[in-house]
Amino acid sequence: QAQVVESGGGSVQAGGSLRLSCRKLGMILSTFWANEVSWYRQAPGKQRELVATSTTSSSAYYADSVKGRFTVSRDNNKKTVYLQMNSLNPEDTGVYYCHFGLTNEWGQGTQVTVSS
C-alpha cells in the first residue's frame, strides 16, 4: 500500500532551523493537487495539534504559536509538501506528522528535538 513519508526531522539547538518534507509514494498528480496537506505535531504527554496547512490553492494556514517562524509550501511537480521551521525553540519539540486531507492519510511521523 502506498505510504505517506515524512523526512527531515532531527535535533537542533534553540534558534536553529529544520525543513521537513512530506510525500505520498505513488500518488498521481491530480490527487495531490486535490489534497489539502497539513502538518501536525505531538509533544510528549500532549494532544496532537495542527501546525500548518497548505491548501489546494497554495495558500497557507498557521497556528499562532508558529506564525512568522514556520513556512509551509508545496511543489506540485515533485508532489511534495515542505515545512520550513526557523527560530526553533524547545516548545517545538515533538513528533511531526503529515496528513493528506482528501484521502485522510497520515505519515509515520518524524521526530524534532530542540534543545535549549
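Heavy-atom basis, side chains included; hydrogens, waters and symmetry copies ignored. A quick note: this is a predicted structure, and the numbers were derived from the prediction, not measured.
- In this structure, Arg74 fails the cation-pi test against Trp33, since its NZ or CZ atom is not both closer than 6.0 Å to the six-membered ring centre and inside 45 degrees of the ring normal.
- Once rounded to the nearest 0.5 Å, the distance linking CD of Glu6 with CH2 of Trp106 reads 9.5 Å.
- Met85 and Val95 fall into different hydrophobic clusters, where Ile, Leu, Val, Met, Phe, Trp and Tyr side chains are chained together by heavy-atom contacts under 4.5 Å.
- In this structure, OH in Tyr97 is found 12.5 Å from CD in Glu49, a value given to the nearest 0.5 Å.
- Distance check: Gln111 CD to Gln42 CD gives 10.5 Å after rounding to the nearest 0.5 Å.
- Looking at Lys79, its side chain does come within 3.5 Å of a backbone N or O of Met27 through a donor-acceptor pair.
- Geometric assessment of Arg48 against the ring of Tyr40 yields a negative cation-pi assignment under the 6.0 Å and 45° thresholds.
- Contact detail for Thr55 and Ser59: the closest heavy-atom pair is OG1-OG, 2.7 Å.
- Taking the six-membered ring where the residue is Trp, Phe70 and Tyr96 present tilted rings, their angle falling between 30° and 60°.
- For the residue pair Asp75 / Thr80, no side-chain donor-acceptor distance below 3.5 Å is found, with atom types taken as modelled.
- Remark: side-chain polar atoms of Arg41 are not paired, donor with acceptor, to backbone N or O of Val112 under 3.5 angstrom.
- Checked by atom type and distance alone, the side chain of Glu105 never pairs as donor or acceptor with a backbone atom of His99 at under 3.5 Å.
- Considering only heavy atoms from C-beta on, Trp39 comes within 4.5 Å of Leu20 through its side chain.
- Asn104 places no side-chain N or O within 3.5 Å of a backbone atom of Phe100 that could act as its donor or acceptor partner.
- How far CG of Leu83 is from SG of Cys22: 10.0 Å, rounded to the nearest 0.5 Å.
- A continuous path of ILVMFWY side-chain contacts below 4.5 Å connects Leu29 to Val81, so both sit in one hydrophobic cluster.
- Among all heavy-atom pairs drawn from Ser17 and Gln84, the shortest one is CB-NE2, 4.0 Å.
- To the nearest 0.5 Å, atoms CG (Leu18) and CG (Asn86) are separated by 9.5 Å.
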Chi angles and distances behind the side-chain contact (heavy atoms from CB on, under 4.5 Å) call for Phe32, Asn76: CA-CA 7 Å; Phe32 179 80; Asn76 287 329; 3.0 Å; yes
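- Ser54 places no side-chain N or O within donor-acceptor distance of the main-chain N or O of Ser73, the cut-off being under 3.5 Å.
- Separating the OG1 atom in Thr103 from the CG atom in Asn35 is a distance of 4.0 Å, to the nearest 0.5 Å.
- Ser38 and Glu36 share no donor-acceptor pair across their side chains, judged by distance under 3.5 Å alone.
- The two atoms that bring Val51 and Val66 nearest to each other are O-CG2, 3.6 Å, heavy atoms only.
- A donor-acceptor contact shorter than 3.5 Å links the side chain of Thr110 to the backbone of Gly9.
- The shortest non-hydrogen separation linking Ser116 to Ala14 is CA-CB, 4.3 Å.
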